[in-house]
There are 2 protein chains.
Amino acid sequence: MSYKDRKVINIGMVSELTGLSVRQIRYYEERKLIFPNRTEGGTRKYSFSDVEKLIDIANQIEDGMQSSEIKKMQKRKSDRKVRDEMIRGQLNAVFGIRK
Amino acid sequence: MSYKDRKVINIGMVSELTGLSVRQIRYYEERKLIFPNRTEGGTRKYSFSDVEKLIDIANQIEDGMQSSEIKKMQKRKSDRKVRDEMIRGQLNAVFGIRK
DNA sequence: CAATTATGTAAGATTTTATTACATAAAAAT
DNA sequence: ATTTTTATGTAATAAAATCTTACATAATTG
C-alpha cells in the first residue's frame with residue numbers, strides 16, 4: 001500500500017487540507033461516504049485518498065448534490081471497478097493476459 | 001510537492017510508524033536531524049519523508065553511530081546533492097541539456 | 001574522572017479530538 | 001402547505017494526545 005492510502009492524518013489537518021469543517025467531515029462519515037480508522041483512544045485517522053475523496057464530495061455538494069446521491073454515485077463507480085477487475089481477472093485466467 | 005513531503009502526521013503516529021519513542025523523535029529534532037512543522041498551537045507535524053529519514057536514523061543508531069556523526073553524514077549527502085544540482089544547472093544553462 | 005550522549009519517566013499545562021444535544025435554514029416528501 | 005429530512009453551526013463536557021521542563025541514569029567519550 002502506498003503512502004496515499006495510509007491512514008495517518010488527524011481530522012484537524014484534513015479540515016485544513018480540504019477546507020471543510022470538522023463537523024462536515026464527521027457528518028459525511030455518518031452518511032457513509034468516508035471511513036477513517038480509529039486509534040485505540042478513538043481518534044479518527046484519514047489517508048490522502050480520503051482527503052481527495054472529500055474534496056470531490058465538497059465539489060459535488062457545491063454543485064447542489066445530496067449526500068445520498070453522492071453515495072449512489074460512489075457505489076456505481078465502485079461497482080464498475082469491481083466488474084472491470086473481475087473481467088480482467090477472468091481474461092487473465094483464461095488467456096493469461098499479462099498485467 | 002508530493003504527498004511524501006507534506007507535513008501532516010502527528011508525533012504519535014510517527015512513533016508507531018518508526019518504532020521510535022516520542023522521546024527519541026523529539027531528541028533527534030533537538031540534535032537537528034529532523035525539522036517538523038508546527039501548528040498554531042505548537043503541535044509537531046511530520047511528512048512521510050521525515051518518517052523515512054527517522055527509520056534510517058534508527059538503523060544508524062542501532063549500528064552504534066552517534067547523532068553528531070549522523071548529522072555529518074546527512075550534511076555530506078546534502079552537499080553532494082547540491083553540487084550535483086549546480087553542475088546539472090550549469091550544464092543546462094550552457095548546453096541546454098534537457099530534463 | 002568529568003563531561004557528553006541518549007533515553008526514560010513524571011508533572012502539569014495546553015491543544016486537539018470525541019460525543020451528545022439543541023438549533024435552524026433549506027430542500028424534499030407527503 | 002405541512003411535515004420530514006438534510007446539512008450544518010454551536011455549546012458543553014470528557015478524554016486523548018501533545019507540549020515543555022526537569023530530574024535520573026547508564027553508557028560513551030574526552
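Since we're looking at a predicted model, the values are computed, not measured. Note on naming: letters A, B, ... go to the chains in the order of the sequence lines (proteins, then strands), and numbering restarts at 1 for each one. Note: hydrogens, waters and symmetry copies are ignored here, and every other heavy atom, side chains too, is used.
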**Message:** Rounded to whole Å, please give me the gap between OH in Y27(B) and C1' in dC19(D).
**Reply:** 19 Å
**Prompt:** Is the shortest side-chain N to carboxylate O distance from R88(A) to E85(A) below 4.0 Å?
**Reply:** no
**Request:** Give the angle between the helix axes at the two ends of the helix from dC1(C)-dG30(D) to dT30(C)-dA1(D), taking five base pairs at each end and rounding to 10°.
**Result:** 30°
**Message:** What is the distance, to the nearest angstrom, from the CD atom on E30(B) to the P atom on dT5(C)?
**Reply:** 10 Å
**Message:** Enumerate the salt bridge (Lys or Arg N to Asp or Glu O under 4.0 Å) contacts for residues 50-59 of chain A, please, sequence neighbours excluded, ordered by first and then second residue.
**Reply:** K4(A)-E52(A), K7(A)-D50(A)
**Message:** Just the rounded figure in Å: distance from C1' of dT5(C) to CZ of R31(B).
**Reply:** 7 Å
**Message:** Side-chain N or O of R23(A) versus OP1/OP2 of dA7(D): is the shortest distance under 4.0 Å?
**Reply:** no
Anything under 3.5 Å between a protein N or O and an N or O of nucleotides 15-18 of chain D, put it in a table, one pair a line.
| unit_1 | atom_1 | unit_2 | atom_2 | d |
| --- | --- | --- | --- | --- |
| dA17(D) | OP1 | T39(A) | OG1 | 2.8 |
| dT18(D) | OP1 | G12(B) | N | 3.1 |

**Complete:** With sequence neighbours left out, the residues meeting side-chain contact (heavy atoms from CB on, under 4.5 Å) with K32(B) are F35(B), K71(B)
**Item:** DNA chain D-proximal residues of residues 47-71 of chain A, any heavy atom under 4.0 Å
**Value:** I61(A), Q66(A), S67(A)
**Asked** In whole angstrom, what separates Y46(A)'s OH from dA18(C)'s C1'?
**Response** 11 Å
**Message:** Holding to side-chain contact (heavy atoms from CB on, under 4.5 Å), I want the full list of residues that pass it with D5(B), two or more places apart in sequence or in another chain.
**Reply:** M1(B), S2(B), S49(B)
